[in-house]
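Sequence lines set the chain letters: A, B, ... in the order given, protein chains first and strands last, and positions in each chain run from 1.
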Amino acid sequence: METELRASNFIEEFVEEDLRAGRFEGIKTRFPPEPNGFLHIGHVKALCIDFGIADKFGGTCNLRFDDTNPTKEDTVFVEGIQKDIEWLGFRWDQLHFASDFFGRLYEIALGLIEKGVAYVDDQSAEEMRLNRGTLTTPGTASPYRDRSIAENLDLFRRMKAGEFPDGSRVLRAKIDMAAPNVLMRDPTLYRILRHHHHKTGDEWCIYPMYDFQHPLQDALEGVTHSLCSLEYEIHRPLYDWMVAQVGFAHPPRQIEFARLNITRTIMSKRYLRRLVEEGYVKGWDDPRMPTLVAMRRRGYTPEAIKDFLGRVGVSKADSTVDGALLEACVREAMGDIAPRAMAVLNPVKVVLTNWPEGFTDALTMENHPDHPEMGTRTLKMGNVLFIEREDFMEEPAKKFFRLAPGREVRLKGAYIIRCEEVIKDASGEITCLNCTCDMASRSGSEGADRKVKGTLHWLSEIDARACEARLYESILLDEEAVVDGEIEATDEFGEAVPAPAKDFIDRLNPNSLTVLKGALVEPIIADAQVGDRFQFLRMGYFCKDSDSSEALPVYNRIVPLKDSWVKARK
RNA sequence: UGCCGAAUGGUGUAACGGUAGCACCUACGACUCUGACUCGUAUUGCCUAGGUUCGAAUCCUAGUUCGGCAGCCA
C-alpha cells in the first residue's frame with residue numbers, strides 16, 4: 001500500500017516547498033518553553049506541530065529552554081516540563097538551554113556593535129518608552145544613538161563586567177525609530193539584571209532579550225523551521241533582521257500558527273498561576289487544571305490528548321475548540337482499554353424481601369462486553385443491595401424506565417427485581433426500597449430472556465467497599481451564563497441586563513468539583529493501583545487518585561459517559 | 001489614526017479554477033442485560049458588494065468584522 005506524503009496543513013506546505021526548492025537539506029524544529037510554569041494542553045499543540053513536522057519529514061526536534069529571564073524561572077519547571085513531554089511520548093533530539101549559549105550570544109552582540117548596528121543606550125526605561133513614539137507616530141532617536149563603536153564596545157563590556165546598576169543601560173539594535181512596526185524601533189537586545197539564575201547562578205548580570213536570543217539560537221542550533229504562535233507574527237521582520245545581520249548560510253524560517261483555545265477552559269499561564277496561588281485550586285496538578293500534570297493525574301491518556309490535537313488541526317485563524325471534542329477523544333481512547341466494573345456513587349439501600357434466607361449467589365461478570373479476553377470476575381449477591389439514588393423515582397417522569405414503585409428493572413448481570421415498598425425517614429428521605437426478586441431471571445439462566453426496560457448497576461452489601469469519588473466539571477462557566485453574581489444593570493423597562501464578566505475569576509464554575517464521600521465500589525476497583533482506569537458502569541470513566549489511602553480509595557471521574565436521559569428529561 | 005494577520009454549518013478543519021467534504025455537537029431511528037458502544041438518517045455553511053471566467057470558497061477590486069503590536073517578559 002502506498003502512503004503518499006501529503007501536506008495536511010499550511011505549515012507542512014511551506015516545509016514541502018522549502019524542501020523542493022532546496023532551501024534546506026533536512027528538517028530541524030525545536031520546542032522552546034520558558035521554564036516558568038508547567039506545560040498545559042495549549043503547549044501540546046505546539047509540541048504536536050514541532051515534533052510532528054520533524055517526524056513527518058524525516059527530521060528531528062530539539063527541546064530548548066528559553067531561560068533568559070531568571071526572575072521567573074526555576075529548575076522544578078525544567079524537570080516538570082521534561083517529564084510531561086516524555087509522558088506524551090515525544091523524544092527530543094538535542095537538549096539545549098539558552099543559558100548555555102550566553103557566551104556565544106555575548107560574542108555576537110559584540111560583533112553587532114562592531115558592525116555599527118547596535119549601541120548602548122543610557123536612557124531610562126521610561127525615557128525609552130516615551131521616545132518610542134506611538135502606534136501612529138514615529139519615535140525619536142536616543143541621544144546616545146550615535147555613540148562611537150569604541151565607546152559602545154567599552155560600555156557593553158563594562159555592562160557585562162558589572163560596573164553599572166540594574167536598569168541603568170541597555171544594548172539596543174540600531175534599526176529604524178520611524179518604522180511602522182514598533183518592534184523595529186531599536187529593540188532592546190540586552191539588559192542589566194542581577195538575579196540568581198537557575199543554571200548560571202550569578203555568573204551573568206546582563207541577560208539577552210527574546211528577540212535577540214531566540215532567532216540566533218535557532219540558527220546556531222541548525223533549526224530550519226521555527227514554529228510559534230500568532231502573537232510572534234509581528235516579530236518576524238525582527239527575527240529575519242537578526243539572523244541576516246549575523247549571516248547564516250541557511251537561515252531558519254519562522255512560521256506562525258493560531259494557539260489553542262478551548263471553551264470553558266483557562267489557557268493562560270498567568271491565570272493558571274493565579275488559580276494556584278490564590279487557592280482556587282489545590283495545585284498545578286489539581287485535576288481541574290488544563291496542565292499536563294493535572295490531566296495525567298485525572299486519568300487522561302497521552303493518546304487521547306494527541307488525538308484531540310490532531311482533530312483540532314492547524315491554521316492561522318483564531319478559534320475556540322468545543323471542550324466536548326476533548327471529551328469525545330477521551331471516551332474513544334478509553335472505550336476499548338478500560339475494564340468495566342460497578343460503583344454506586346450515591347447509594348440507596350434495597351432489601352430483597354423474598355431472597356432465600358442466608359443465601360449468597362456468586363455471579364460471573366464480564367470485564368468488557370466487547371473484549372472477552374479481558375476476562376470475568378465474580379460478584380456476590382445477598383438480600384441487601386445498593387443502587388444509584390437517581391435510578392429510582394417515586395413518581396416516575398415520562399420516559400423514565402428505571403426503578404419505580406411497582407416497576408421492574410434488571411440488575412446488571414444478576415436478577416430482575418420489582419419495587420414493592422418505599423421506606424422513608426421522618427424528613428421524607430427515602431432510606432430503603434423493599435423489592436422482590438424474580439429468582440428465575442438470573443442472568444444466563446433459562447428464565448432470563450424476558451425483557452425489562454431498564455438495567456441498573458448495583459452492589460451488594462457483601463461486596464460494597466467505601467470510597468470517595470470526585471466529579472469534575474469545566475473550570476469555567478459558559479461566557480453567556482455569567483450574570484456576574486448580582487444584577488448590575490437594568491434596561492429601560494427595568495429588566496435585569498447581564499453585565500459582562502470583567503475578571504475570569506467571576507467565571508469560575510462553582511461546581512467544578514463535587515466530592516462524593518459515601519460512594520461504594522466493588523473489590524476489583526477498591527484494590528486497584530493508583531492510576532488504574534475503569535469504566536464505572538453507566539457512570540463514566542474513572543481513575544484511582546494518588547490521594548487514595550488503604551482505608552479510603554479515591555477516584556477521579558475522567559469523563560462522564562454520554563447520557564441521552566439527562567438531556568431527554570429537560 | 002499606523003503596521004501585521006484572519007474570515008467556510010453551532011464548533012474546529014478540508015478544498016489549491018470544476019459535485020463544498022470530514023470530525024465533534026444537535027435531532028430522530030435501529031440495536032442493547034451500560035439510556036453507553038455500534039449502526040443508520042437528518043438539519044445547518046463559503047463575511048459583504050462588485051469584477052475576471054464556460055465555471056470562483058479559491059483569482060482581482062472595494063468594503064465589513066475580528067485578533068495582535070507601543071516590556072529593560074517570553
Side-chain angles (χ1 to χ4, degrees), chain A residues 7-9 13 32-34 36 66-69 71-73 121 123-125 128-130 132-139 166-172 179-185 187-193 206-207 209-211 213-214 228-237 256 258 263 269 308 310-329 331-332 335-336 340 342 366 369-370 399-402 409-414 416 441 443-444 448-449 451-457 535-540 560-568:
Chain A
S8 58
N9 61 53
E13 283 174 8
E34 184 188 14
N36 68 347
D66 271 354
D67 53 351
T68 56
N69 181 4
T71 62
K72 290 183 173 177
E73 296 151 10
D121 195 343
Q123 291 183 109
S124 68
M128 274 182 61
R129 188 177 66 76
L130 261 19
R132 188 154 27 233
T134 70
L135 295 176
T136 52
T137 59
D166 287 6
S168 59
R169 287 182 164 85
V170 293
L171 183 72
R172 297 179 77 175
N181 180 350
V182 191
L183 277 160
M184 299 296 275
R185 321 240 259 233
T188 301
L189 270 24
Y190 267 92
R191 56 174 168 161
I192 304 173
L193 175 67
I206 57 171
Y207 289 94
M209 305 297 293
Y210 168 88
D211 283 313
Q213 173 271 142
H214 198 97
C228 60
S229 48
L230 241 30
E231 70 260 36
Y232 293 101
E233 202 162 26
I234 198 160
H235 292 246
R236 195 183 338 130
E256 312 84 11
T263 55
K269 212 185 258 182
F308 168 69
R311 295 201 216 185
V312 163
V314 180
S315 78
K316 289 193 77 158
D318 292 305
S319 61
T320 302
V321 179
D322 191 340
L325 181 61
L326 213 207
E327 294 201 339
C329 292
R331 286 191 201 100
E332 188 173 310
D336 270 341
R340 270 102 243 241
M342 295 197 287
E366 55 189 3
D370 305 324
K399 301 267 275 184
F400 180 85
F401 41 87
R402 280 117 95 145
V409 292
R410 170 169 292 283
L411 299 180
K412 173 73 179 176
I416 293 172
S441 67
S443 285
D449 53 352
K451 303 283 183 211
V452 290
K453 264 187 168 176
T455 301
L456 308 184
H457 60 282
Q535 185 197 101
F536 287 6
L537 218 64
R538 302 207 301 137
M539 301 307 284
L561 259 29
K562 280 213 270 186
D563 188 349
S564 52
W565 162 243
V566 293
K567 287 171 193 156

Point to revise | Heavy-atom pair with the smallest gap, counting every atom of L561(A) and M539(A) | key: CD2-N, 3.9 Å

Exercise for review: Go through RNA chain B and write down every stem, that is, every run of at least three consecutive Watson-Crick or G-U wobble pairs with distances under 3.5 Å, as range with range.
Suggested key: B:2-7 with B:64-69, B:10-13 with B:21-24, B:26-30 with B:38-42, B:47-51 with B:59-63

Point to revise | For rG68(B), glycosidic torsion class - syn if within 90° of 0, otherwise anti | key: anti

Review point. Base, sugar-phosphate, or nothing: which does A317(A) touch, judged by heavy atoms less than 4.0 Å apart?
Key: sugar-phosphate

Exercise for review: Return the set of residues passing side chain to side chain contact (heavy atoms under 4.5 Å, CB included) with D66(A) (not counting sequence neighbours), or none when no residue passes.
Suggested key: P32(A), R64(A), A98(A), Y210(A), Q213(A), H214(A)

Exercise for review: Under 4.0 Å between any heavy atoms, over every strand shown, what does V312(A) touch: base, sugar-phosphate, or nothing? Just pick one.
Suggested key: sugar-phosphate

**Study point:** Touch class at under 4.0 angstrom, heavy-atom based, for S124(A) against every strand present
**Key:** base

Point to revise | Phosphate OP1/OP2 of rU13(B) contacted by S319(A) side-chain N/O (<4.0 Å) | key: yes

Practice item. Classify the nucleic acid contact of T137(A) as base, sugar-phosphate or nothing, counting any heavy atom under 4.0 Å across all strands shown. Key: nothing

Hey, what are the protein-to-nucleotides 67-69 of chain B N/O distances that come in under 3.5 Å?
from, atom 1, to, atom 2, distance (Å)
rG67(B), O2', D318(A), OD2, 3.4

Practice item. Could I get the full list of side chain to side chain contact (heavy atoms under 4.5 Å, CB included) partners for P180(A), not counting sequence neighbours? Key: none

Check your understanding: Do E233(A) and K316(A) come within less than 4.5 Å of each other through their side chains, counting heavy atoms only?
Key -> yes

**Study point:** Closest-nucleotide 5' rank along RNA chain B - winner of E13(A) and R129(A)
**Key:** E13(A)

Check your understanding: Base, sugar-phosphate, or nothing for Q123(A), non-hydrogen atoms under 4.0 angstrom?
Key -> base

Exercise for review: Kindly say if R185(A) contacts the phosphate of rG71(B), meaning a side-chain N or O under 4.0 Å from OP1 or OP2.
Suggested key: no

Practice item. Select base, sugar-phosphate, or nothing to describe what S315(A) touches, counting heavy atoms under 4.0 Å on all strands. Key: sugar-phosphate

Point to revise | Close side-chain approach of N69(A) to Y207(A), heavy-atom, < 4.5 Å | key: no

Exercise for review: Search all heavy atoms of G413(A) against all heavy atoms of S443(A) and return the closest pair with its distance.
Suggested key: C-OG, 3.1 Å

Exercise for review: Have a look at G335(A) and say if it touches a base, only the backbone sugar-phosphate, or nothing, with a 4.0 Å heavy-atom cut-off.
Suggested key: nothing

Review point. Heavy-atom distance under 4.5 Å between the side chains of R340(A) and L537(A), does that happen here?
Key: yes

**Study point:** Shortest non-hydrogen separation from L193(A) to T71(A) and the atoms involved
**Key:** CD2-CG2, 4.0 Å

Revision key, fill the gap. Residues V452(A) and R410(A): closest non-hydrogen pair is CG2-N, 3.4 Å

Point to revise | Closest heavy-atom pair and its distance - R311(A), C329(A) | key: NE-SG, 3.5 Å

Review point. Has the side chain of R132(A) got a donor or acceptor atom that lies under 3.5 Å from a matching backbone atom of G139(A)?
Key: no

**Study point:** Letter per nucleotide, 5' to 3', of nucleotides 41-47 of chain B [B base touched, S only sugar-phosphate touched, - untouched; heavy atoms, 4.0 Å]
**Key:** -------

Point to revise | D322(A) side chain to L325(A) backbone, donor-acceptor under 3.5 Å | key: no

Check your understanding: When every nucleotide of nucleotides 22-37 of chain B is labelled 5' to 3' by its protein contacts under 4.0 Å (heavy atoms), B for base, S for sugar-phosphate only, - for none, what sequence of letters results?
Key -> -SSSS------BBBSS

Exercise for review: For this output row, return yes or no: ring centroids of F400(A) and W565(A) closer than 6.0 angstrom.
Suggested key: yes

Check your understanding: Do you know the tightest heavy-atom contact between H235(A) and D211(A)?
Key -> ND1-OD1, 2.7 Å

